[in-house]
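Read the structure below first, then the notes.
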Amino acid sequence: MEKRVRELSESDDDPLGLQLAALAVLDDLGTVVGWSRRAQDLTGYPSPEVIGRSAFEVLVDPRDLPAVRDAVAAGRKAGVWFGMLTVRHRDGEQVELGLRASEFSRGDAREWCLAGAPAADVLEWRRDRAVLDGLYRRCPVGLVVHGPDMRILRVNRAIERFAGVTAAELRDRPVGVLLVPDDARKAVDRVGRVLRTGRSLVFSEQYARLERDPARERVVSVSSFPMTDPAGRVLGVAEMIEDITDRHRAQRRLALLAEASSHVGTTLDMGQTAWELTDVLVPHLADHASVDLLDPVVRGDEPARALMEPVVRVAVCSAGGQGCPRAPRAEPLDYAPGTPQARCLTDGRPVLAPALPSALWSLEQGTDQAVPPSAHSLIVVPLAARGLVLGVVSLWRSRRPDSFEADDLTLASELASRAALSVDNARRFAQQQRTSLTLQRSLLPSAVPQQPAVEATPRYLPAAAGPGLGGDWFDVISLSGARVALVVGDVVGRGLHAAATMGRLRTAVHTLASLDLEPDEVLSRLDDLVNLLAAEAETARERPAAQQTVSATCLYAVYDPISRRCCAARAGHPPPVVTRPDGQAELLDLPAGPPLGLGGLPFEAREVELAEGSLITLYTNGLIGDRTLDADESLARLCAAVSRPADPLEKTCQAVVDALVPARPADDIALVIARTRVLPEWNVASWHLPKEPTAATRARSLVTAKLTEWGLEHLTSTTELVVSELVTNAYRYASDPVILRLIRERSLVCEVSDGSHTSPHLRRAGSTDEGGRGLFLVAQMTERWGTRYSREGKTVWAEQALASG
């Protein structure tokens, strides 16, 4: 009988896959006709006591009799029944069993096979079964089971939705059957590695494209687990596959925004900002990108709100270097009416074109500005800031098969919005820089006047980077006696304040130069002025007076073409370079002196004699302040660049710039190179006059003879009057020696020097005064006159034009 029970139980097909142990066989009336040892173990009843008796009497508690009758009745209709019953043990205990009743036919007779297991085991199995059934039917995560032959055994409905095919179509198909060849090979390698090693691969991120939709790239998270038997043999691979495309794209967009915030707008340069934006966009979002700014914006002006103006393409970037050129020509171009760019500029609204119609994006000017050849999708977003449209950003896709989507448009708009603020800041900065440079240019000399003493060539180079323009300046000032003053200076600080301070100091230098002061005295007076300006600034800003806000450096040199001597002094400024006619260049040894505005220490001047044709090179700190070079190397390069004194000065200036100035100098640079001249001896006449009553008469006769020799007879009467007045004053009020000198150059200069430091003053004489009209007549009959002082005394001079009338 046990054999019969076993045969019936094993021949039954269990649709749920739970192999319950065979217990008993009942006939159609419920009489036990077969009893297994498993049933005996569960109930305690041996087979002889059960065979031939009703199962309702032996196995079941009386309370469960209705359930068993229902089971038999249900079994007759359905052929199988499952249920939970309480069985009475022979010892009186109760045992809960999970039972299955299956109907079998033996000819005209029918029998029922009961198979069962303890209820706890059945419940656990049902729970596991429910979990698996939920995973395969309702779980959003895809499940795939691969056999050892790397073919698909089973998939759940999430995979069906992901792949767009049914489970029946996938069963027994090879790994990666749904993917494009490249991604299919990766899947085969992944499953094969798990089969070979028996090790799991958890949460590996993969890019996948379905063969039926290769244009759309998906990102999935794949976890692969080996399935093993109790002996540890790998029977297959189970994979959990989750589509994380949306999450991955969101993370990529956030990363792109974070990158843009740190890489776009690093400088106040519109072109650089545009390049930084295209570098962020390509290739992360687009294959090609271009930035077009309105023409007024490029110039630093504010664009018109309602007028369609030309644009300038300032940046182009292409993935792999294909398509548009990297360095576009900065020429104005016009978009054809109706193009997305034209609509975006007019309306200020972004445009999304997932698919491009053919021949729609051509421009009116130049085919080199057209859309990249194989582009199939386009986004155009405005660069708008503070209510103004500054330009447009165009994005194309050509290498990536997927088209732009609405989320891409949102991301591009956000990136363009952030970049637009940087572009507008750069525009406003350019406008301010242009205004500042205009101010600074107006404060600097527009041209260097021709000088008898030197041939001078200046060069001013504004800073290309930094917070603003500096306060560097230079000057070449004509002095009395055919002399010339060479000046360079540098105000500490940047911006309009530094430029304005520079203008005030330059004006002060001109005023002090007109007084014919010595270089060290000029610097002392400038130092007082800078201290006064600093005090005014501190008072206005209510800061402690000890915190100076105004400071400057200056170099002041005076060259005399008659004596060939140069006297110079410096206040915290780099020393000049002197190049001898033989090409030997060296720094002029000058006491450094404190910068202007510090006060406390006197300035010291030094005088040297220069041969004709020597070069004097004056410069500001920006020329030798390159961070890539130390000061000694910079000075050595400067000396080498000015070691050819016979070359044209323009060429020498350019050699200095090429040797020392970087492509984008960080500081302003002022440079003055002067070649010394010597006034010929025959153009200068000098006489020592005795201090006696006839001195004026002698002076007049000497002057008349010299003017006749020079062919300047038309100036004789005026010159006699001037010389007579100056010599007479020296005779009356000064001390020996009295020296009369005539200088013929661009003008005729009359000089009378004496040993006194008393200066004559111009005044209006009264009607009853006997004197006091001499200097008044001198001032009226000459172009200018003045007094200069030296350690030995003073010199009163007057200039007349050489031409008559």
Side-chain angles (χ1 to χ4, degrees), residues 448 451 453-466 470 472-476 484-490 553-559 561 564-593 606-678:
V448 174
Q451 300 287 337
V454 295
E455 175 193 357
T457 298
R459 185 71 65 90
Y460 176 78
L461 301 174
D472 295 18
W473 89 90
F474 65 90
D475 253 317
V476 179
V484 65
L486 304 175
V487 189
V488 289
D490 185 2
T553 65
C554 184
L555 172 63
Y556 189 90
V558 176
Y559 173 71
R564 296 186 290 108
R565 303 195 66 80
C566 178
C567 183
R570 62 188 179 116
H573 203 85
V577 175
V578 174
T579 306
R580 308 291 178 180
D582 60 0
Q584 181 182 356
E586 60 184 2
L587 294 176
L588 186 61
D589 185 17
L590 288 180
R606 183 159 297 173
E607 190 174 68
V608 295
E609 184 174 333
L610 300 178
E612 183 178 8
S614 299
L615 297 185
I616 307 175
T617 303
L618 292 77
Y619 53 91
T620 56
N621 191 59
L623 184 68
I624 59 173
D626 186 3
R627 296 180 181 178
T628 60
L629 301 174
D630 58 35
D632 292 338
E633 183 176 355
S634 297
L635 291 174
R637 288 191 179 187
L638 175 59
C639 291
V642 297
S643 61
R644 301 172 64 91
D647 288 349
L649 294 185
E650 280 291 345
K651 182 179 179 180
T652 305
C653 279
Q654 189 59 46
V656 172
V657 171
D658 295 340
L660 291 168
V661 180
R664 295 177 58 83
D667 193 8
D668 289 18
I669 297 172
L671 172 67
V672 177
I673 301 179
R675 180 182 288 117
T676 62
R677 294 170 175 166
V678 175

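Position 1 is the first residue of the sequence; numbering continues from there. Worth knowing before you read on, the calculation uses all heavy atoms, side chains too, and leaves out hydrogens, waters and symmetry mates.
- Using a 4.5 Å heavy-atom cutoff, the side chains of Val448 and Thr457 are not in contact.
- The OH atom of Tyr559 sits 4.0 Å away from the OG1 atom of Thr676 when rounded to the nearest 0.5 Å.
- Checked against side-chain hydrogen bond (donor to acceptor under 3.5 Å, both in side chains), Asp632 has no partners two or more places apart in sequence or in another chain.
- When all heavy atoms are compared, the tightest approach of Ala456 to Val476 is CB-CG2, 4.1 Å.
- A donor-acceptor pair is defined here as one N or O able to donate and one able to accept, closer than 3.5 Å; no such pair exists between the side chain of Thr652 and the backbone of Ala641.
- Arg675 is linked by a side-chain hydrogen bond (donor to acceptor under 3.5 Å, both in side chains) to Glu455, counting only residues two or more places apart in sequence or in another chain.
- In this view, Thr553 and His573 satisfy the side-chain hydrogen bond (donor to acceptor under 3.5 Å, both in side chains) rule, not counting sequence neighbours.
- A donor-acceptor pair is defined here as one N or O able to donate and one able to accept, closer than 3.5 Å; no such pair exists between the side chain of Arg570 and the backbone of Pro576.
- Using a distance-only test at 3.5 Å, with no hydrogens or angles considered, a donor-acceptor pair links the side chain of Tyr619 to the main chain of Pro575.
- In plain terms, the two heavy atoms of Leu555 and Pro574 that are nearest each other are CD2-O, 4.1 Å.
- A distance-only check finds no donor-acceptor pair linking the side chain of Thr579 to the backbone of Gln584 [under 3.5 Å].
- You'll find the side chain of Val454 stays beyond 4.5 Å of the side chain of Ile616, heavy atoms only.
- Judged by distance alone, with hydrogens and angles left aside, the side-chain atoms of Arg459 form no donor-acceptor pair with the main-chain N or O of Leu671 at under 3.5 Å.
- Pairs of residues two or more places apart, or lying in two chains, that qualify as salt bridge (charged side-chain N to carboxylate O under 4.0 Å, His left out) and include a residue from residues 575-585 are Arg580-Glu586.
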Apply the test side chain to side chain contact (heavy atoms under 4.5 Å, CB included) to residues Val578 and Val608: give CA-CA distance (whole Å), side-chain angles for both, the deciding distance (0.1 Å), then the verdict. CA-CA 10 Å; Val578 174; Val608 295; 5.7 Å; no
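- For residues 608-617, the side-chain hydrogen bond (donor to acceptor under 3.5 Å, both in side chains) pairs, not counting sequence neighbours, are Arg564-Glu609, Arg565-Glu609.
- Summarising the geometry of Leu660 relative to Ser634, their closest heavy-atom pair is CD2-O, 3.5 Å, with the distance given to 0.1 Å.
- Leu615 places a side-chain heavy atom less than 4.5 Å from the side chain of Leu649.
- Pro645 and Gly613 get closest at one heavy-atom pair: CB-O, 3.9 Å.
- Applying the 6.0 Å contact sphere to CZ of Arg644 captures no more than 12 heavy atoms from other residues, nucleotides or ligands.
- In plain terms, the two heavy atoms of Leu618 and Leu486 that are nearest each other are CD2-O, 3.7 Å.
- Between the CD atom of Glu633 and the CZ atom of Arg637 there is a distance of 5.0 Å, given to the nearest 0.5 Å.
- Applying the side-chain hydrogen bond (donor to acceptor under 3.5 Å, both in side chains) test to Thr620 and every residue at least two apart in sequence or in another chain returns Asp472.
- Nearest approach of Ala569 to Leu590, heavy atoms of both residues: N-CD1, 4.5 Å.
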